[in-house]
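Encoded as structure tokens, the structure appears first; notes follow it.
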Amino acid sequence: MRPSSTGRKRLWYVGLSCLLAAGASISSGAVAGNPPVRAQTKAAAQVVASKPDPEVLLIDVYKELGANHLRSALEKADRLVAAYPNFRLGHLIRGDLLLMHTRPVTTLGAVEGPEDKLKNLREEAMVRLRSLRERPDAGMLPRQVLQLRDDQKHVLLVDARRSRLYVYEHHAGQLKLVTDYYVSQGKLGVNKLKTGDQKTPVGVYYITSHLAGSRLPDFYGSGALPINYPNEWDKLNGRSGSGIWLHGTPSDSFSRPPLSSDGCVVLTNPDLYRLANSVEIGKTPIVISESIDFVNKAKWENDRNIAIRLVDNWRRDVESLNPSRVASQYSRQFKSDQGEDVDTWLAKHRKSLGTITELSIKLRDVTHFFYPGRDDMIVSTFTQDAQMGKAKTSLRKRQYWAKEGAQWKIIYELNL
């Protein structure tokens with residue numbers, strides 16, 4: 001049987017509704033469970049908190065279309081653009097809904113306009129819907145984050161393929177997804193190598209400061225959260241550039257296309273307000289990856305135990321004061337933070353061990369991450385408390401472990 005006239009007019013949108021419905025059911029609460037807002041001003045916070053979630057409204061539009069409720073879909077689209085008058089995707093969808101009253105609509109963005117801008121909006125629509133459909137199940141955990149310090153309350157994860165930033169809450173060693181946001185990234189994708197390549201870096205970073213929007217040009221929107229790119233691993237591998245931030249959008253734009261920045265991670269201004277509540281300067285890690293891997297708890301705990309054993313075995317070998325046991329932990333490709341190769345570094349280490357007769361080491365405030373984009377590298381950071389007779393020392397250390405065949409070896413180590 002041929003579809004009705006109304007059905008033919010909305011075929012494209014029914015397809016999008018099916019795309020959404022094919023995944024797990026998504027309720028308004030699932031995407032609107034944002035943490036409390038810590039805005040720059042009380043008035044701004046009240047405005048953000050009072051507005052409906054735009055993605056919830058967007059989903060509702062498609063649901064109404066899927067149920068053949070064109071009038072209700074248009075009413076929700078009207079509400080969307082009324083709440084967010086600079087949300088261009090919302091206006092585009094509303095325009096299509098109006099066109100459905102007069103002619104078939106077979107593509108998103110059937111209105112007349114510059115093709116490049118329509119293409120950007122179509123890509124944003126598909127990315128938003130696909131990422132909501134692929135939202136990780138509550139029982140799945142991000143494989144890249146294996147262990148956080150007790151005082152790290154949140155971790156941020158950017159999934160470039162999904163154009164999504166996930167916020168996980170950390171409590172008593174457990175991770176829980178609390179919210180996620182649509183984001184834009186570099187025009188040429190990820191894996192930043194040099195200044196001006198218009199790519200977003202991939203790695204494990206930390207939020208270093210919070211810049212208020214009042215101190216910045218309008219281009220950065222409601223503010224910025226700079227990160228410590230390039231980190232030590234980037235520098236070791238010759239990656240250059242600077243000024244990689246999480247920031248908002250100009251006042252005339254609600255959001256930007258998925259690939260549109262010069263390397264920064266860009267959120268809507270309301271989302272940046274909300275995200276600020278999850279950030280502790282110098283403490284909150286942000287993992288940027290081409291794709292975040294979500295695994296079941298058994299797999300996650302197994303990977304975590306591998307990382308824990310690596311560092312604990314290293315500790316035991318150093319405590320043994322046996323140079324051969326210590327040397328067995330290090331790769332032939334090892335580099336120190338001073339640029340020393342493994343032989344030079346181990347010779348210096350053997351010399352220092354020769355002056356010690358008794359050594360006890362305890363590790364605390366440990367973190368472990370699988371380095372983004374690599375299944376064969378773990379970065380571990382910890383505070384090392386050492387006692388040598390009556391003398392005590394304490395230092396913060398970071399190690400990069402690479403898998404070489406069946407063995408894990410340290411390929412880079414530095415004191416922070």
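Computed over heavy atoms, backbone and side chain alike; hydrogens, waters and symmetry mates excluded. Along the sequence shown, residues carry numbers from 1.
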| message | Working to the nearest 0.5 angstrom, can you tell me the gap between Glu55 CD and Leu129 CG? | response | 8.5 Å
| message | Using 0.5 Å steps for rounding, measure from the CG atom of Leu272 to the OG1 atom of Thr249. | response | 9.0 Å
| query | Is it the case that more than 12 heavy atoms not belonging to Glu358 sit under 6.0 Å from its CD atom? | reply | no
| task | Look at the rings of Tyr330 and Trp345 and say which category their plane angle falls in: under 30° parallel, 30 to 60° tilted, over 60° perpendicular. | result | tilted
| request: Please say whether more than 12 non-hydrogen atoms of neighbouring residues, nucleotides or ligands are located less than 6.0 Å from CD in Glu290. | output: no
| field | Considering all heavy atoms, the nearest His91-Pro85 contact | value | NE2-O, 2.8 Å
| Among Ile378, Leu146, Leu141, which residue meets the side chain to side chain contact (heavy atoms under 4.5 Å, CB included) test with Asp303? | Leu146
| message | Taking NZ in Lys397 as the centre, count heavy atoms belonging to other residues, nucleotides or ligands within less than 6.0 Å. Is the count above 12? | response | yes
| Do Glu340 and Thr344 meet the criterion of a side-chain donor-acceptor pair at a distance under 3.5 Å? | no
| query | Taking all non-hydrogen atoms of both residues, which atom of Gly90 and which atom of Leu80 are closest, and how far apart? | reply | CA-CD2, 3.8 Å
| query | So, is the end of the Lys409 side chain (NZ or CZ) under 6.0 Å from the ring centre of Phe334 and within 45° of the ring's axis? | reply | no
| query | Do other residues, nucleotides or ligands put more than 12 heavy atoms under 6.0 Å from the CG atom of Asp150? | reply | no
| In this structure, which one of Asn269, Asn86, Asp218 forms a side chain to side chain donor-acceptor pair (under 3.5 Å) with Ser251? | Asp218
| said: Among Ser261, Ser209, Cys264, exactly one meets side chain to side chain contact (heavy atoms under 4.5 Å, CB included) together with Trp245. Which residue is that? | reply: Cys264
| query | Do Phe370 and Ile306 pass the side chain to side chain contact (heavy atoms under 4.5 Å, CB included) test, and can you show the C-alpha distance, the side-chain angles, and the key distance before you say yes or no? | reply | CA-CA 11 Å; Phe370 261 117; Ile306 289 173; over 6 Å; no
| Over 12 foreign heavy atoms within 6.0 Å of CZ, Arg79 | no
| field | Validation row: His170, Val155 side chains within 4.5 angstrom (heavy atoms) | value | no
